[in-house]
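Dropping a structure here in structure tokens format, bear with me for questions.
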Amino acid sequence: MALDELKSAIPDYAKDLKLNLGSVIGNSDLPQQQLWGTVLSCAIATRSPIVLRELEPVAKENLSPEAYTAAKSAAAIMAMNNVYYRTRHLLSDPEYGNLRAGLRMNVIGNPGVEKVDFELWSLAVSAINGCGMCLDSHEQVLRKAGVERETIQEAFKIASVLQAVGATLEAEAVLND
């Protein structure tokens, strides 16, 4: 199984990551589509070839073709939105907030899966990319839809662990070259 291979690649000094990886994926209470859509969108967002290579096949097995595409779409659109909205938020000139974005984001309105799932994946990717505006926006949509805080937390726990695993394995690849 790819998850076991990924865990075995984690060095001993990062044992907590190995344990957390097994926990956030193997013991998740999320429904399969939410879980594997979160895993796939976050694996893409980590920019780690190792993480993506190991987890994508398992995600693809556990997702419908529509959900698989939507999870990749969430990673793609949030890669753009997180930079745009984080920058707009970080600039000290508030007038940027009054300017029209003018960027296409049609997939958010019609992701091809349940809106709640897409919002959860978008929130998780936004956690990796560090966009507070996007995190707040997606969290509010999820909460308004009745999603519990524990479910939302589950998504950003997956994001945090996959990001840490990706960073650790990429560092090890460089250090061991």
Side-chain angles (χ1 to χ4, degrees), residues 1-10 14-48 50-79 81-82 107-169:
M1 172 183 221
L3 184 58
D4 289 335
E5 289 179 27
L6 191 57
K7 285 176 13 182
S8 70
I10 297 171
K15 180 181 178 184
D16 288 330
L17 299 182
K18 186 181 300 193
L19 296 171
N20 288 332
L21 182 62
S23 171
V24 298
I25 295 176
N27 298 327
S28 176
D29 289 331
L30 294 176
Q32 286 295 301
Q33 180 165 298
Q34 287 183 354
L35 170 64
W36 289 104
T38 302
V39 169
L40 179 58
S41 61
C42 288
I44 293 168
T46 68
R47 297 173 184 85
S48 168
I50 299 166
V51 169
L52 184 57
R53 188 172 34 252
E54 293 301 323
L55 295 178
E56 182 275 340
V58 184
K60 193 170 191 174
E61 287 176 15
N62 285 283
L63 293 169
S64 68
E66 296 81 11
Y68 177 80
T69 298
K72 293 192 309 181
S73 296
I77 198 68
M78 296 319 296
N81 284 359
N82 293 156
V107 72
I108 294 173
N110 188 17
V113 294
E114 292 290 324
K115 184 152 178 62
V116 164
D117 294 352
F118 193 82
E119 290 288 333
L120 192 68
W121 304 337
S122 297
L123 177 131
V125 170
S126 297
I128 290 173
N129 292 332
C131 180
M133 278 184 78
C134 293
L135 284 166
D136 281 341
S137 174
H138 295 291
E139 189 267 349
Q140 289 169 13
V141 170
L142 288 163
R143 294 291 294 142
K144 193 176 284 186
V147 177
E148 298 292 328
R149 284 182 179 88
E150 291 80 7
T151 299
I152 295 167
Q153 180 188 32
E154 190 102 7
F156 65 80
K157 283 170 53 177
I158 292 168
S160 66
V161 171
L162 291 183
Q163 176 63 23
V165 168
T168 301
L169 294 179

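The basis for the numbers below is simple: all heavy atoms, side chains too, and nothing from hydrogens, waters or symmetry mates. Position 1 is the first residue of the sequence; numbering continues from there.
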**Request:** Please assess L21 against I10 for the test side chain to side chain contact (heavy atoms under 4.5 Å, CB included), listing each intermediate value before the final yes or no.
**Result:** CA-CA 10 Å; L21 182 62; I10 297 171; 4.1 Å; yes
Note: L63 and G37 closest approach over all heavy atoms is CD2-N, 3.7 Å
Residues at least two apart in sequence or cross-chain that pass salt bridge (Lys or Arg N to Asp or Glu O under 4.0 Å) with K115, listed by chain then number, are E119
Q.
Within this structure, what is the OG-CD1 distance for the pair S122 and I108, rounded to the nearest 0.5 Å?
A.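 Output value for this atom pair is 6.0 Å.
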Closest non-hydrogen atoms of A59 and L40, given as atom of the first, atom of the second and distance, are CB-CB, 3.9 Å
Separation between CD (E61) and CD (Q32), nearest 0.5 Å, reads 11.0 Å
Do T151 and Q34 have side-chain heavy atoms sitting under 4.5 Å apart?
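T151 vs Q34: side chains touch.
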* To do: Indicate the atoms forming the closest heavy-atom contact of Q163 with A45, along with that distance.
  =>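 Of all heavy-atom pairs spanning Q163 and A45, the closest is OE1-O, 4.5 Å.
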*asked:* With rounding to the nearest 0.5 angstrom, report the OG1 to CG distance, T46 to L162.
replied: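 One gets 7.0 Å once the value is rounded to the nearest 0.5 Å.
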Closest heavy-atom pair, A9 versus L169, reported as atoms and distance to 0.1 Å, is O-CD2, 3.2 Å
CG (L123) and CD1 (I128) are apart, to the nearest 0.5 Å, by 10.5 Å
**OP:** May I ask you to check whether over 12 heavy atoms, not counting those of R47, lie within 6.0 Å of atom CZ?
**Re:**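 Counting neighbours around CZ of R47, 12 or fewer heavy atoms of other residues, nucleotides or ligands fall under 6.0 Å, so no.
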In this structure, NZ of K60 is separated from NZ of K72 (nearest 0.5 Å) by 7.0 Å
| request: Please report the C-alpha distance between N81 and N129 in whole Å, then the side-chain angles of each, then the deciding distance to 0.1 Å, and finally whether the side chain to side chain contact (heavy atoms under 4.5 Å, CB included) criterion is met. | output: CA-CA 10 Å; N81 284 359; N129 292 332; over 6 Å; no
Side chain proximity check, I77 to F118, heavy atoms < 4.5 angstrom
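Answer yes - side chains close enough.
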### Side chain to side chain, W36 and I25, heavy atoms closer than 4.5 Å
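They are in contact (side-chain heavy atoms under 4.5 Å apart), so the answer is yes.
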Correct closest heavy-atom pair for N82 and S126 would be ND2-OG, 2.9 Å
With no hydrogens and no angle check, is any side-chain donor or acceptor of D117 less than 3.5 Å from a backbone partner on V113?
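Looks like no, no N/O pair under 3.5 Å.
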Around atom CD of E114, are there more than 12 heavy atoms from other residues, nucleotides or ligands closer than 6.0 Å? no
Taking the side chain as every heavy atom from C-beta outward, state whether L6 and V165 have any atom pair closer than 4.5 Å.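 SC-SC contact between L6 and V165 confirmed.
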Would you check if V147 and V116 make a side-chain contact, meaning some heavy-atom pair closer than 4.5 Å? yes
Taking it one step at a time, do Q33 and Y68 satisfy side chain to side chain donor-acceptor pair (under 3.5 Å)?
CA-CA 9 Å; Q33 180 165 298; Y68 177 80; over 6 Å; no
Heavy-atom closest pair, residues A127 and L135:
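Closest pair (atom of A127, atom of L135, distance): N-CD2, 3.6 Å.
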dist E150:CD -> K157:NZ (nearest 0.5 Å) comes out at 10.0 Å
